[in-house]
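The block underneath contains the structure these notes are about, expressed in structure tokens.
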2 protein chains.
Amino acid sequence: MTKNANQQGATASSRIFEVLRQDLLNGRFGAGERLSISALKDTYQVGLSPLREALNRLAAYGLLRQENQRGFRVLELSRGELDDITEMRRQMEGMAIERAIEHGDDEWESQLLAANHRLSLTDESTSVNQWEFLHSRFHNALVEPCGSVWLLRFIGQLHDQFDRYRRVAPGSPELRGRLDAQHKELVDLVLARDRKGARELIEDHITLSSQVAQLSLTPCSG
Amino acid sequence: MTKNANQQGATASSRIFEVLRQDLLNGRFGAGERLSISALKDTYQVGLSPLREALNRLAAYGLLRQENQRGFRVLELSRGELDDITEMRRQMEGMAIERAIEHGDDEWESQLLAANHRLSLTDESTSVNQWEFLHSRFHNALVEPCGSVWLLRFIGQLHDQFDRYRRVAPGSPELRGRLDAQHKELVDLVLARDRKGARELIEDHITLSSQVAQLSLTPCSG
DNA sequence: CTAAGTCAAATAATCGATTATTTCTAGAAA
DNA sequence: TTTCTAGAAATAATCGATTATTTGACTTAG
């Protein structure tokens, strides 16, 4: 999906898809907002056809809702949906990390250590975009060798859904500190090949992360 | 997704999306085949724009592969992918049926009995399309009250993927008979609110069904 | 007043034509 | 023969204009 957008021969469709996807995750549009096609055309300087193709993909991917003859809308944010996404992430990433520990080789361990190191080196001077990039690289590395293309696909999709909440939530230094500490612990459990332990911790990690994301739903946040 | 296609104000895009989806599931196109856009335009009597929008949706949904500047291709069939889809179905539908038994009410029991009855009334005079419709209605009814929109979405997507294999496989009366018997047993276990038993049986059911689907991969099937 | 109806403006969807890229073919050089 | 390279043909992607539908303001009947 993302892959095609940064390549040499990327089409206008795939480029605008990726830009819109990022903007949707970053909360550039309000929840439930109606997207005016001609307005998007102007702001993103892109033709109607590639724009509509990108919007169709985003709707099929689950980041937009399409209503016949009424265009496209940003999805709402709700506590119920966040809880659903959170529980699904717990189940699927728990499953994936167990399988990854089963199948992952030495090269995986190295990549994981590297990904965690790069993430841990970030500080106040790091851009949000760069941190998000390294953070998702780390989480991806954790589950990558699980052996299931479809499991990885669903996990990626759920991450995007989850990030719609997390990225618009106000920061919480206390929770953030605990979450960062868990990244290191996750690596340790993986290196120790502790399947049950790693599963429990990633489930806790997702639950804690969900507490941050929930802050996006409190009225005082906007 | 499907909902918008049969409605009153369905657009050309949503109609052709649904038609193409069904044709892809029914194996109308060969695995790995390149879809010529202008050929599709002629055979389906539809304009270029709605056709391209539908193809973009199908690619995002996972029924087509899109290569920049090289159009759209039907996905290949492989044993590895079928095994992946099968295992994911086992996990997710197992999870879903447990949750459905936890949450489902009397109305659900009634709907499930009805769905099974309608399916069991089919015979040689029933069209394949009608049987497929009732069969998917039954399986959908089984998991419907699981309480997770995302779980249901993923299960539906995996069913479509699985059906690409199953529908092009040669029939096996012996396996089909056993599968049909399991439908009734599933209803009984659900009515008895036997979570573990129902989970085990649906996992077996999916594995057995996968044995049918595997027949699509043997050379002698074509 | 309210509710149903009508028209104009706004906007989504679609069409037909154009542009850009890939693929195929044929010929030339190694 | 093989490999490389035009150039032509095929096809994917995009554009600009047109059509269809919805929305909202304004009537008018009840």
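Note on naming: letters A, B, ... go to the chains in the order of the sequence lines (proteins, then strands), and numbering restarts at 1 for each one.
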Please tabulate, for the side chains in residues 206-215 of chain A, all donor-acceptor contacts under 3.5 angstrom to protein atoms that are two or more places apart in sequence or on a different chain.
from     : atom 1 : to       : atom 2 : distance (Å)
A:Thr207 : OG1    : A:Arg90  : NH1    : 2.5
A:Thr207 : OG1    : A:Glu203 : O      : 3.0
A:Ser210 : OG     : A:Thr86  : OG1    : 3.0

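Among pairs with a residue in residues 139-150 of chain A, none fulfils salt bridge (Lys or Arg N to Asp or Glu O under 4.0 Å), at least two apart in sequence or across chains. Sequence neighbours left out, the pairs with a member in residues 138-161 of chain A that pass ring-ring contact (aromatic ring centres under 6.0 Å, His included) are A:His135-A:His139, A:Phe138-A:His183, A:His139-A:His159, A:His139-A:His183, A:His139-A:His205, A:Trp150-A:Phe154, A:Phe154-B:Phe154. Within the structure, salt bridge (Lys or Arg N to Asp or Glu O under 4.0 Å) contacts touching residues 105-127 of chain B (residues at least two apart or in different chains) are B:Glu109-B:Arg193. Among pairs with a residue in residues 127-136 of chain B, those fulfilling salt bridge (Lys or Arg N to Asp or Glu O under 4.0 Å) read B:Glu132-B:Arg166, B:Glu132-B:Arg167, at least two apart in sequence or across chains.
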Sort me out a list of protein N/O and nucleotides 11-15 of chain D N/O pairs below 3.5 Å, or just none if empty.
from   : atom 1 : to      : atom 2 : distance (Å)
D:dA12 : OP2    : B:Ile37 : N      : 3.3
D:dA12 : O3'    : B:Gly71 : N      : 3.4
D:dA13 : OP1    : B:Gln69 : N      : 3.2
D:dA13 : OP2    : B:Arg52 : NH1    : 2.6
D:dA13 : OP2    : B:Arg52 : NH2    : 2.9
D:dT14 : OP1    : A:Ala12 : N      : 2.3
D:dT14 : OP2    : A:Ser13 : OG     : 3.1
D:dC15 : OP2    : A:Gly47 : N      : 3.3
D:dC15 : N4     : A:Ser49 : OG     : 3.1

